[in-house]
Chemist: 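One structure coming up, written as C-alpha cells, with questions to follow.
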Amino acid sequence: MSDPTVESAPSNFIRNIIDADIESAKHQQVVTRFPPEPNGYLHIGHAKSICLNFAIAQDYPDAVCHLRFDDTNPGKEKSEYIEAIKEDVRWLGFDWGDSLHHTSDYFEQLYAYAVQLVKQDQAYVDSLSAEDIRLYRGNLTEPGKDSPYRNRSVEENLELLEKMKTGEFAEGEHLLRAKIDMAAPNINMRDPAIYRIKNMSHPMTGDTWHIYPMYDFAHCVSDAIEGITHSLCTLEFEDHRPLYDWFLEQLQTPARPQQIEFSRLNLDYTIMSKRKLHELVEGGFVDGWSDPRLPTLSGMRRRGYTPAAIRDFCSRIGVTKKDNIIEMSVLENSLREDLNTTSSRALAVLDPIKLIIDNYPDDQEEMLTGVNHPKDPEMGHRDVPFSKVLYIERSDYMADAPKKFFRLSEGREVRLRFAYYVTCTHVVKDEQGEVLEVHCTYDPETRGGKSADGRKIKGTIHWVSAQHAVTAEVRMYDRLFTIPAPASEKERDYKEFINPESIQVLKGCQLEASMAGAEKRAYQFERQGYFCLDSVDSSADALVFNRIVSLRDSWAKKK
Ligand code: ATP
Ligand code: MG
C-alpha cells in the first residue's frame, strides 16, 4: 500500500509486540493509524510517527495504516491544514490508499456510545463551573471530591445531554463526564470530561453539533471503530492508557485496540510545539509555515530536504521509550549522505572577486569538461565555459599568506577545478586598499587540471567565467535558535533566542553557466554545500537558491 521504493525499517519494541501478536494469532491483520489534529502543519516530530506507522503497514502482510484527521476542535482546525498534512504524508513517500478518515465521521457513533455510558450510569452531566471542576479535582497528594451533580438520575442526564447536543446551553454551562472515581490516584481517572459544549460550526459537519467529544473518549472509540490493532502514541499519553482501556471495557466495543507509547522526537536548536510554531508564523518571526528554517515538513521541503533523508533519519533514531534530545547534526548527516549520492556538482562563487589571467588571449573562450559526480560516472559530464576573466571566491586569495594556505597568494600556484594551473602574480587595489582584482598567469600545458611534468599542486579552487556566469541570490541558513533547548527556557521567552544569523542573504553570487537551467533538485556547489532553487521566490530571470546544508558540520567545531 506504500511506495515500494521506501526501504523497510529496523525492528523495535513495538514491532516485537506486533510479532508476538501475530505469532499468538491475536491478530491476523495489523492496522495502525496516524492521527494528526488539523490545527497546524506537520513537523519532523510527526515524521517519526508517520514513518513508524506507515512502515509497519508496508512491512507486515495485509497490514494497513489509516490517515485519520482528529478533528474534534473546530475552533482551531482548518481545511488548509488538512490539505497540507496530506501533501506532507505523500511527499514522505506514504500512501493511505482508501483509508482516509475523520473523527467527525464518527460523531453519531461517538454520541451513541456516550448515551450508552449514561444509561449504564457511567457518565453524568456536571454543571459546576470550570473553576469549581478544577477545585474539586484535587491534586497529586489530595483526592478529589464528588460533584454535587454526580448523582443525577439517568433520565435527567439523558435529557440534559440531548439539550447540550441541540444547542440549548451556553459554552461552559454543562459538561458530560465519565463516572469513575474522584479519589483515583491517577488524576485522568477522576471523572474525565467526555463532551463539552461548543456552539461552533465544524468544517465537516456544519452546524449539526453543539457538543464535541474530548480526545480521551474520541480517540479510543475511533480506534475501535476502525479496527486499529496497535494505537501508537507518544509517552505523555501513558497515564491516559487506563482511561483508554476503561472506555473500551465499559462500552464492550467489538474491537479492542492496544495503546502503546513511545518517546517523542526532540531536536536541539529548534522547537516543535504547534502552539509555538503558530506564534512564530503569526508573529512574523518567520516567513510562514514553510520558512526553510522551520522544522515543519513544508519548510524542510522548501529548504531542500529529501524524503529519503528524513526516512533514513527516522530509522536511525529508532523507536524506544527513552526521552532524549537528538542533535540536529544527526538529521543533517542523513541529509548529507543522501545528497552526496544524488546531487550533481556545480561551480558557484558566493563572494566573488575577479581573477584575470594576463597571458590568456583576450577574446578566446573554450569549453572544458566538468564531471557531475566524482564517484558516479553514470551522472555524466557537462560543459563549463572558460575565458580570460573569471570570478573566484574572495577568501581564496590572501596577501602574505601562511605556508599552509594552499590557495592564491603572490607567487603561489593553484589548480582551477577542471581547468588549468594558475600562478598569482599581483593584485590591483582600490584607494582604501581593498583588493579589486587578482592577476595571474596560466600554464597552457595543464588543460583539464593535470600537468604533463607531474608537478604536485595542493590546492584546487572553484571559479566561474565572468562573461558566462549567471547571477543569483543565495540564502544561507543556520540554526533557528542560538541555544539547544529554547522550549525549556523558563526565565526568558524562547523567541529571545532566535538566531539573528539564521538567514543570511547573499546577492550577486556568480554561478556557472549551466545553472541558468537549474532543475528542481539539489546541487552540490563544490566546496560550499548543497543548494536548491527556492520553490517560492526563484524565477527564470531572478534565480534564488537555498543552502540546504553545508558540506561539513561546522557546529561540531564550534562546540
Ligand atoms: P504538538 O505537541 O507538536 O502540538 P501534537 O501531538 O498535538 O503535536 P497531533 O496532530 O496530535 O500533534 O499529532 C499527531 C501524531 O503525531 C500523534 O500520534 C502524536 O503522538 C505524533 N507526534 C506529534 N509530535 C511528535 C513528536 N515530536 N515525536 C513523535 N511523534 C509525534
Ligand atoms: Mg495532540
Side-chain angles (χ1 to χ4, degrees), residues 9 12 14 31-57 65-73 75-78 80-86 88-89 92 94 96 101-103 213-216 218-220 222-223 226 228 230-241 244 257-282 289 294-300 310-311 313-326 328 330-331 485-488 494:
N12 54 52
I14 294 176
V31 186
T32 58
R33 87 285 172 268
F34 172 64
E37 185 182 352
N39 62 351
Y41 281 60
L42 297 183
H43 52 63
I44 180 77
H46 293 112
K48 174 174 179 175
S49 174
I50 293 170
C51 289
L52 172 65
N53 283 290
F54 280 95
I56 287 172
C65 177
H66 296 189
L67 174 62
R68 183 199 310 146
F69 287 103
D70 189 17
D71 55 349
T72 55
N73 201 351
K76 293 191 172 158
E77 297 159 3
K78 285 201 235 159
E80 173 199 343
Y81 301 137
I82 292 196
E83 292 315 311
I85 290 169
K86 286 187 196 165
D88 287 346
V89 174
L92 273 183
F94 299 107
W96 52 88
H101 305 281
H102 303 80
T103 303
M214 302 301 291
Y215 176 89
D216 280 328
H219 206 83
C220 57
S222 303
D223 282 347
E226 290 181 15
I228 302 297
H230 301 86
S231 178
L232 315 179
C233 63
T234 39
L235 275 181
E236 65 273 23
F237 291 101
E238 197 163 25
D239 291 346
H240 296 239
R241 185 168 7 112
Y244 185 103
Q258 180 187 1
Q259 174 179 307
I260 306 170
E261 310 85 18
F262 62 96
S263 60
R264 62 195 296 123
L265 167 65
N266 299 302
L267 264 185
D268 63 5
Y269 294 97
T270 191
I271 48 147
M272 274 192 251
S273 119
K274 273 192 256 177
R275 187 178 59 77
K276 294 194 172 108
L277 289 171
H278 267 284
E279 279 180 8
L280 291 180
V281 170
E282 276 142 32
W289 286 97
L294 288 179
T296 54
L297 295 179
S298 53
M300 294 171 75
I310 296 175
R311 291 193 305 261
F313 167 72
C314 290
S315 123
R316 275 177 204 224
I317 56 174
V319 178
T320 69
K321 275 187 174 285
K322 253 209 314 269
D323 258 323
N324 59 3
I325 299 182
I326 307 283
M328 188 68 94
V330 178
L331 175 60
S488 9
Y494 71 95

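Atoms considered below: every heavy atom in the structure, side chains included; atoms not considered: hydrogens, waters and symmetry mates. Ligands are counted one by one from 1 in listed order, and the atoms in each one are counted from 1 as well. Worth saying up front: this structure is predicted, and the values here are computed from it rather than measured.
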Chemist: Does Lys321 have more than 12 heavy atoms from other residues, nucleotides or ligands lying within 6.0 Å of its NZ?
Modeler: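 Yes, because the 6.0 Å sphere around NZ of Lys321 holds more than 12 heavy atoms from other groups.
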
Chemist: Has the side chain of Arg33 got a donor or acceptor atom that lies under 3.5 Å from a matching backbone atom of Leu232?
Modeler: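 Flag set: sc Arg33 to bb Leu232 pair under 3.5 Å.
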
Chemist: Has Phe34 got any heavy atom lying under 4.0 angstrom from an atom of ligand 1?
Modeler: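 Phe34 counts as a contact of ligand 1 under the 4.0 Å cut-off.
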
Chemist: Which option wins on minimum heavy-atom distance to atom 2 (O) of ligand 1: Lys276, Arg264, His43?
Modeler: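 When every heavy atom of Lys276, Arg264, His43 is considered, Arg264 comes closest to atom 2 (O) of ligand 1.
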
Chemist: Taking 4.0 angstrom as the limit and counting only heavy atoms of Pro36, give me the atoms of ligand 1 inside it, by number and element.
Modeler: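 Those atoms are 10 (O), 14 (C).
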
Chemist: Geometry only, no angles: is Thr234 polar-contacting ligand 1 at N/O separations under 3.5 Å?
Modeler: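 Yes; the residue has a nitrogen or oxygen that sits under 3.5 Å from a nitrogen or oxygen of the ligand.
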
Chemist: Taking only Lys NZ, Arg NE, NH1 and NH2, and the carboxylate oxygens of Asp or Glu, determine whether Lys86 and Glu83 approach each other closer than 4.0 Å.
Modeler: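 Salt bridge present between Lys86 and Glu83.
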
Chemist: Going by atom types only, do Tyr215 and Glu37 share a side-chain donor-acceptor pair under 3.5 Å?
Modeler: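 Checked: Tyr215/Glu37 side chains show no N/O donor-acceptor pair below 3.5 Å.
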
Chemist: Are Arg68 and Thr103 close enough that a side-chain donor and a side-chain acceptor fall under 3.5 Å?
Modeler: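 Absent: no donor and acceptor within the cut-off.
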
Chemist: Pull out every atom of ligand 1 sitting under 4.0 Å from any heavy atom of Met272, numbered as shown with elements.
Modeler: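 In order of number, 3 (O).
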
Chemist: Does the residue Arg275 have a heavy-atom contact with ligand 1, meaning some pair of atoms that are separated by less than 4.0 Å?
Modeler: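 It does not, in that no heavy atom of Arg275 comes within the 4.0 Å cut-off of ligand 1.
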
Chemist: What are the two closest heavy atoms between Leu265 and Met272, and how far apart are they?
Modeler: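 Leu265 and Met272 have their closest heavy atoms at O-CE, 3.6 Å.
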
Chemist: Would you please say whether a donor-acceptor pair under 3.5 Å links the side chains of His102 and Asp71?
Modeler: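 Result is no, nothing qualifies.
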
Chemist: Which atoms of ligand 1 are found less than 4.0 Å from any heavy atom of His46?
Modeler: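 Selected atoms, number and element: 8 (O), 9 (P), 10 (O), 12 (O), 13 (O), 14 (C), 16 (O), 22 (N), 23 (C).
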
Chemist: When you compare ligand 1 with Glu236, is there at least one nitrogen or oxygen pair between them that comes in under 3.5 angstrom?
Modeler: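 Between Glu236 and ligand 1, no N or O pair is found under 3.5 Å apart.
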
Chemist: Considering distance alone, does some N or O of Gly45 sit under 3.5 Å from an N or O of ligand 1?
Modeler: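 Between Gly45 and ligand 1 (N or O atoms, distance only) the closest approach is under 3.5 Å.
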
